[in-house]
Visitor: 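Right, I'll just put the structure down here and ask away after.
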Amino acid sequence: MKYLIVGLGNIGAEYELTRHNIGFLIMDRLADEQGVKFEMNKLAFTSEVKYKGRTLHLVKPTTYMNLSGKAVNHYLQQHKIPKENLLVITDDIALPYGKIRLKPKGSAGGHNGLKNIEQLTGGQNYSRLRFGVGDEFAKGRQVDYVLSPFSKKEMDELVLNMDQAIAAIFSVCTIGLERTMNQFN
């Protein structure tokens, strides 16, 4: 069984520890824990993890958030992975900080990275792990908020929250999305 696990984010040091880059941060932590490194490839940094007889193709698109679908579509085709085995990790301002929510499909909810994935892969029917970054911003300041760094308090809790997300990723790949949703949502 092969899975495509895509962490959304933006490349560049100025975005590294921002809320919008939680997908990249989770992918980096997962790779570190598994002792693998990311390599620059077409449209993305990629790596591969073997876990309980499964192959997890890890992807961090280098297309910037708004064009993430280019990398997702490319690697689905390259590895011949069915869309049912795609899991996209993204930030979500509608969830409290650190809360994770798995969904089998759904709307982009105003998230430009998810919109682009929908456009280029043909719809909303792909799994996503949404990581809550909270909504502590003034009206009209959403972009500034998601592109700002985590607070000191959030940073103190970040590792535990990322570890929960990683456990959910491995669970999706072994016992399936439905059972994992029952356990983590």
Visitor: Could you tell me the separation between the CG atom of L67 and the NZ atom of K115, rounded to the nearest 0.5 Å?
Guide: 13.0 Å
Visitor: To the nearest 0.5 Å, tell me how far T90 OG1 sits from L129 CG.
Guide: 9.5 Å
Visitor: Identify all side-chain donor-acceptor contacts of residues 2-10 below 3.5 Å with residues at least two apart in sequence or on another chain.
Guide:
residue, atom, partner, partner atom, Å
K2, NZ, H79, O, 2.3
Y3, OH, C173, O, 3.3
N10, OD1, M65, N, 2.7

Visitor: Please list, chain by chain and in numerical order, all residues satisfying side-chain hydrogen bond (donor to acceptor under 3.5 Å, both in side chains) with D32, sequence neighbours excluded.
Guide: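 D32: no side-chain hydrogen bond (donor to acceptor under 3.5 Å, both in side chains) contacts found.
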Visitor: Please list all pairs meeting ring-ring contact (aromatic ring centres under 6.0 Å, His included) that have one or both residues in residues 12-49, counting only residues at least two apart or in different chains.
Guide: H20-H111
Visitor: Evaluate Y64 against I11 for side-chain contact (heavy atoms from CB on, under 4.5 Å), listing each step before the verdict.
Guide: CA-CA 6 Å; Y64 288 98; I11 56 172; 3.6 Å; yes
Visitor: With L114 as reference, evaluate Q119, Q124, R128 under the side-chain contact (heavy atoms from CB on, under 4.5 Å) test and give the passing residue.
Guide: R128
Visitor: N66: what forms a side-chain hydrogen bond (donor to acceptor under 3.5 Å, both in side chains) with it, not counting sequence neighbours?
Guide: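 Once residues adjacent in sequence are excluded, N66 has no partner under the side-chain hydrogen bond (donor to acceptor under 3.5 Å, both in side chains) criterion.
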Visitor: Got a sec, which pairs hit salt bridge (Lys or Arg N to Asp or Glu O under 4.0 Å) with one end in residues 76-95, sequence neighbours left out?
Guide: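 Every pair satisfying salt bridge (Lys or Arg N to Asp or Glu O under 4.0 Å) with a residue in residues 76-95: D92-R130.
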Visitor: Got a sec, which pairs hit salt bridge (Lys or Arg N to Asp or Glu O under 4.0 Å) with one end in residues 171-185, sequence neighbours left out?
Guide: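 Qualifying pairs, neighbours excluded: none.
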Visitor: Determine whether M27 and S47 make a side-chain contact, defined as any pair of heavy atoms from C-beta on separated by less than 4.5 Å.
Guide: no
Visitor: Quick check: closest heavy atoms across N116 and S68, and the distance to 0.1 Å?
Guide: OD1-N, 3.4 Å
Visitor: Find out if a path of hydrophobic residues (ILVMFWY) with successive side-chain heavy-atom gaps under 4.5 Å connects M155 to L25.
Guide: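 The answer is yes; both residues are in one hydrophobic cluster.
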Visitor: Please list, chain by chain and in numerical order, all residues satisfying ring pair (Phe, Tyr, Trp, His ring centres under 6.0 Å) with Y51, sequence neighbours excluded.
Guide: F170
Visitor: Above 12 or not: heavy atoms from other molecules or residues under 6.0 Å from CD of E39?
Guide: no
Visitor: Side-chain heavy atoms under 4.5 Å apart, restricted to Ile/Leu/Val/Met/Phe/Trp/Tyr: what other residues fall into the cluster of L43, or is it alone?
Guide: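 ILVMFWY cluster around L43 holds nothing else.
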Visitor: Test of understanding: clusters of I, L, V, M, F, W, Y form through side-chain heavy atoms closer than 4.5 Å, transitively. Do I93 and F131 belong to the same one?
Guide: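 They do share one cluster, since a chain of ILVMFWY contacts under 4.5 Å joins I93 to F131.
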Visitor: The test is side-chain contact (heavy atoms from CB on, under 4.5 Å); show your working for L158 and I22 and say whether it passes.
Guide: CA-CA 10 Å; L158 192 58; I22 192 62; 3.8 Å; yes
Visitor: Enter the distance from L147:CG to Q142:CD here, rounded to the nearest 0.5 Å.
Guide: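 It is 10.0 Å, given to the nearest 0.5 Å.
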Visitor: Could you state the interatomic distance from OG1 (T121) to CG (N73), rounded to the nearest 0.5 Å?
Guide: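 Answer rounded to 0.5 Å: 6.5 Å.
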Visitor: When rounded to the nearest 0.5 angstrom, what is the spacing between CG in N21 and CD in E16?
Guide: 8.0 Å
Visitor: Under 3.5 Å, sequence neighbours excluded: what are the donor-acceptor pairs made by side chains of residues 161-169?
Guide:
residue, atom, partner, partner atom, Å
N161, ND2, E157, O, 3.2
D163, OD1, R29, NE, 2.5
D163, OD1, R29, NH2, 3.2
D163, OD2, R29, NH2, 3.1

Visitor: Which pair of heavy atoms, one from P82 and one from L76, lies closest together, and at what distance?
Guide: O-CD2, 4.3 Å
Visitor: Testing the basics here: between T55 and H57, what is the closest heavy-atom pair and its distance to 0.1 Å?
Guide: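 Scanning both residues completely, I find the closest heavy atoms to be CG2-NE2, 3.6 Å.
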Visitor: Given side chains that start at C-beta, do those of V72 and Y126 come closer than 4.5 Å, heavy atoms only?
Guide: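 The answer is no; the side chains never approach within 4.5 Å.
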Visitor: Just to verify, what does Q183 make a side-chain hydrogen bond (donor to acceptor under 3.5 Å, both in side chains) with, not counting sequence neighbours?
Guide: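 side-chain hydrogen bond (donor to acceptor under 3.5 Å, both in side chains) list for Q183, sorted by chain: empty.
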Visitor: Hey, any chance F184 and M181 share a hydrophobic cluster, counting ILVMFWY side chains that come within less than 4.5 Å of each other, even indirectly?
Guide: yes
Visitor: Which salt bridge (Lys or Arg N to Asp or Glu O under 4.0 Å) pairs, counting each pair once, include a residue from residues 131-142, with sequence neighbours left out?
Guide: R141-D144
Visitor: Go through N41 and Y75 one step at a time and tell me if the side-chain contact (heavy atoms from CB on, under 4.5 Å) criterion holds.
Guide: CA-CA 10 Å; N41 282 300; Y75 286 100; 3.3 Å; yes
Visitor: Side-chain heavy atoms nearer than 4.5 Å, only ILVMFWY residues, links allowed to pass through others: does that put L95 and I100 together?
Guide: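 As far as the 4.5 Å side-chain criterion goes, I100 and L95 are not connected within one cluster.
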Visitor: Honestly curious: do L102 and I26 fall in one hydrophobic cluster under the side-chain, below-4.5 Å linking rule?
Guide: yes
Visitor: Under 3.5 Å, side chain of N125 to main-chain N/O of K105, donor-acceptor pair present?
Guide: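 Here the side-chain-to-backbone pair does not exist.
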Visitor: Kindly give the heavy-atom pair with the smallest separation between A71 and P61, and that separation in Å.
Guide: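 Minimum heavy-atom separation between A71 and P61: CB-CB, 3.7 Å.
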Visitor: When rounded to the nearest 0.5 angstrom, what distance separates OH in Y97 from OG in S151?
Guide: 7.0 Å
Visitor: Could you pull out all residues at least two apart from Y145 that satisfy side-chain hydrogen bond (donor to acceptor under 3.5 Å, both in side chains)?
Guide: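 Here the qualifying residues are R19.
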Visitor: Please evaluate residues K50 and E48 with respect to the criterion salt bridge (Lys or Arg N to Asp or Glu O under 4.0 Å), reporting the C-alpha separation (whole Å), side-chain torsions for both, the decisive distance (0.1 Å), and the verdict.
Guide: CA-CA 7 Å; K50 302 284 188 191; E48 185 179 298; 3.4 Å; yes
Visitor: Consider side-chain contact (heavy atoms from CB on, under 4.5 Å). Of I89, V36, V49, which one does L30 pass it with?
Guide: V49
Visitor: Using the rule given for side-chain contact (heavy atoms from CB on, under 4.5 Å), can you reason through L120 versus K70, listing the C-alpha separation, both sets of side-chain angles and the distance that settles it, and then say yes or no?
Guide: CA-CA 7 Å; L120 297 178; K70 290 171 82 171; 3.7 Å; yes
